[in-house]
Each structure stands twice: as C-alpha cells, then as structure tokens.
Colleague: 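Could you have a look at this structure, given as structure tokens, before my questions?
Scope of the values below: all heavy atoms of this structure, side chains included, with no hydrogens, waters or symmetry mates. Remember, it's 1-based here, ligands and their atoms both numbered in the order they're listed.
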Amino acid sequence: MQKIIAANWKMYKTRKEAADCAAALVAGLGNVLPQRRQILVFAPFTAIAETSRAFAGVAGLEVGAQNFYPAREGAFTGEISSQMLHDVGADWLLVGHSERRHILHEDLGIVADKCAFALAEGFKLMLCVGETLAEREAGELGSVLERQLSSALAALSEEQRRTLPGRFAVAYEPVWAIGTGKVAGPAEVLDAHARVRSQLEGLLGADAAHIPLLYGGSVKPENAATLIGLDNVDGLLVGGASLEAQSFLQIISAGA
Ligand code: PGA
C-alpha cells in the first residue's frame, strides 16, 4: 500500500502563507513522489483554492477540508457545504478530529452523518478516532475505538461499505498525544492499530485489509521513520510539524 502522509494545517495560514507552503512542498518533493507516498493537505477553508492551485497537475498531491456541514445547501448560517468545498478543489474531507469532538462538541451522531454524507457526495473520507488520557487510564481504549468506528460506519449503505477501499482512511490519534509533544510509543501505536484493524475486519470483512490506517499525534521529523515503519501504520497525520514545508518534507521522505 502506498503510504499516505497528511498535513492538518488546522486554523493556521493566510492564503499567501498556504500558497507559499504548497509551492515549497511541490518544489521540494523531487523523487519521493509519486511512487512511495501520497500527500494530502487538509487546509483551512479560505486557503483550499490556493493550495489546490499550487498542487494542480502534480501527481500524488491532494487537498482536503477539515470540516463541512452535511447538507447540499440550505439555511445553515455560517456553515460550508461539501459542494462548496468541491468547487474550490477539495478531494478529501476530514471527520471526527478530536478537536472537533472535544472543543466543538461533535457527538457520535454528527460524525456518523458526516461520514455517510461525505461518501454519498463522492469525497474521499478520513475518519479520526482516538482516546483521551482518562479513557486510556481507565482501560477503555478498546471500547472507545469500537464505539467511534462502529457508530461512524453505522449510517453507511451496503453499497457505500463495499466501495470504501480507495476512498476511506482511518487516522488513530490518541488525544493525549495531539499537540502535546507526547508521541505514543511504538508498542502503544502497534497495539492501537492492531485493534483498529481487527475492529474494521469485524465491520467490513476482508476489505478492512485495504483501508489505510494513519497515526497522528506529535509526529515530528525525528520520530516519523520509526512510526511509518510499524506494522499496520500506512501513513501519518501531521499537525504542528506540517506547517513548515521543510519539516513536512522531512516527514514525507522519512523511511521512504
Ligand atoms: P500534532 O496534531 O501533530 O500537532 O500533534 C495532529 C493532529 O491533530 O492531527
């Protein structure tokens, strides 16, 4: 499986900063692409068009949005629809990020609606799952992952489930490792990813083997090669260290 290295720019970057960073990525990728790595950038809404323009015509580089409202259009003041995001060049939608679950209070039902809607509208979908420190310490890792995965897939039609390979990825991001500098150790990542894989097998059968599993949470140039080399780690989702093109480029080429 080609490894996916995804940037989550969160609420950072003006249009110019995004365009400059995207251009630096294109210039710096050299021979790393497209054989070994697929690169995604989840840009803020206002910078999606610039990022997508900078990536146009370069194989292996795609743009996504970090959020959307699951309706085509309507009286939803302040919201952005997936069609609007398609219009500015987004191919991927990110759903279930812990900052949206915990800071913006998105519950399992909203996450499930968004997953079904994103797929119905023809997007590729990256679903984030992960436990808080309190849940880990209470021994709830398995049940949290099970709840987040099964509820997110519950609203999918049979046809949507069958066509998930190629347009669905899961990012395991322990909440306690996001933006904290505290990366999960190899044993913790191996254990969590094996659990995610086996739960996906229970939900999707043999197709689960073809769903890329990404690790996210304080990925840096120094730890990327170890993480990407672990069993069941098919990619990385990178926040802080993706904001500078040079550090993201080092992560992209780590272990390639
Ligand atoms: P981080 O963020 O790399 O800054 O920890 C990861 C994420 O939130 O996706």
Colleague: Between ligand 1 and Ala241, is the shortest N or O to N or O distance under 3.5 Å?
Modeller: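 In fact, backbone or side chain, Ala241 has no N or O that close.
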
Colleague: Starting from atom 3 (O) of ligand 1, find the nearest protein heavy-atom neighbour and note its residue, name and distance.
Modeller: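 Heavy-atom neighbour on the protein nearest atom 3 (O) of ligand 1: Gly239 N, 2.8 Å.
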
Colleague: Look at the aromatic rings of Phe42 and Trp92 and report parallel, tilted or perpendicular, splitting at 30° and 60°.
Modeller: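 Answer is perpendicular, since the angle exceeds 60°.
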
Colleague: If you round to the nearest 0.5 Å, how far is CD1 of Ile5 from NZ of Lys3?
Modeller: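 Output value for this atom pair is 8.5 Å.
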
Colleague: Among Glu106, Glu79, Glu121, which residue meets the salt bridge (Lys or Arg N to Asp or Glu O under 4.0 Å) test with Lys114?
Modeller: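 Of the listed residues Glu106, Glu79, Glu121, the salt bridge (Lys or Arg N to Asp or Glu O under 4.0 Å) partner of Lys114 is Glu106.
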
Colleague: Does any N/O atom on Gly240 come nearer than 3.5 Å to any N/O atom on ligand 1?
Modeller: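 Yes; at least one N/O pair falls below 3.5 Å.
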
Colleague: Any chance you could measure Asn67, atom CG, to Ile80, atom CD1, to the nearest 0.5 Å?
Modeller: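 Asn67 CG to Ile80 CD1: 9.0 Å, rounded to 0.5 Å.
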
Colleague: Going by the order shown, which atoms of ligand 1 are within less than 4.0 Å of some heavy atom of Gly179?
Modeller: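 The list of qualifying atoms is 1 (P), 4 (O), 5 (O).
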
Colleague: Does the pair Ile251 and Ser242 meet the rule for a side-chain contact (heavy atoms from CB on, under 4.5 Å), with working shown?
Modeller: CA-CA 8 Å; Ile251 292 171; Ser242 73; over 6 Å; no

Colleague: With heavy atoms of Gly217 as the reference, note each atom of ligand 1 found under 4.0 Å away.
Modeller: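 Atoms satisfying the 4.0 Å criterion: 5 (O).
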
Colleague: Please work out whether the ring planes of Tyr172 and Tyr215 are parallel, tilted or perpendicular, with thresholds of 30° and 60°.
Modeller: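 Answer is tilted, since the angle falls between 30° and 60°.
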
Colleague: Ignoring hydrogens and geometry beyond distance, is a side-chain donor-acceptor pair present between Gln83 and Glu73 at under 3.5 Å?
Modeller: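 Checked: Gln83/Glu73 side chains show no N/O donor-acceptor pair below 3.5 Å.
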
Colleague: If I apply the N/O under 3.5 Å rule, does Thr180 come out as touching ligand 1?
Modeller: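 No: no nitrogen or oxygen of Thr180 is under 3.5 Å from one in ligand 1.
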
Colleague: Heavy-atom distances under 4.0 Å decide this one: backbone, side chain, both or neither, for Ala177 against ligand 1?
Modeller: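 Ala177 to ligand 1: backbone contact only, side chain stays beyond 4.0 Å.
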
Colleague: Counting each atom of ligand 1 from 1 as listed, which ones have a heavy atom of Leu237 under 4.0 Å away?
Modeller: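 It comes down to these atoms of ligand 1: 9 (O).
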
Colleague: What's the shortest distance from atom 2 (O) of ligand 1 to any protein heavy atom, and which residue and atom give it?
Modeller: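 The closest one turns out to be Lys10 NZ, 3.3 Å.
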
Colleague: From the options Glu99, Glu173, Lys182, select the one whose nearest heavy atom is closest to atom 7 (C) of ligand 1.
Modeller: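 The nearest heavy atom belongs to Glu173.
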
Colleague: Do Ile178 and ligand 1 have an N or O pair less than 3.5 Å apart?
Modeller: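 For ligand 1, there is no N or O atom that lies under 3.5 Å from one belonging to Ile178.
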
Colleague: Give the atoms of ligand 1, by number and element, whose distance to some non-hydrogen atom of His97 is under 4.0 Å.
Modeller: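 With His97 as reference, the close atoms of ligand 1 come out as 7 (C), 8 (O), 9 (O).
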
Colleague: Taking atom types as modelled, find out whether Glu135 and Thr132 have a side-chain donor-acceptor pair closer than 3.5 angstrom.
Modeller: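 The answer is yes; a qualifying pair exists.
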
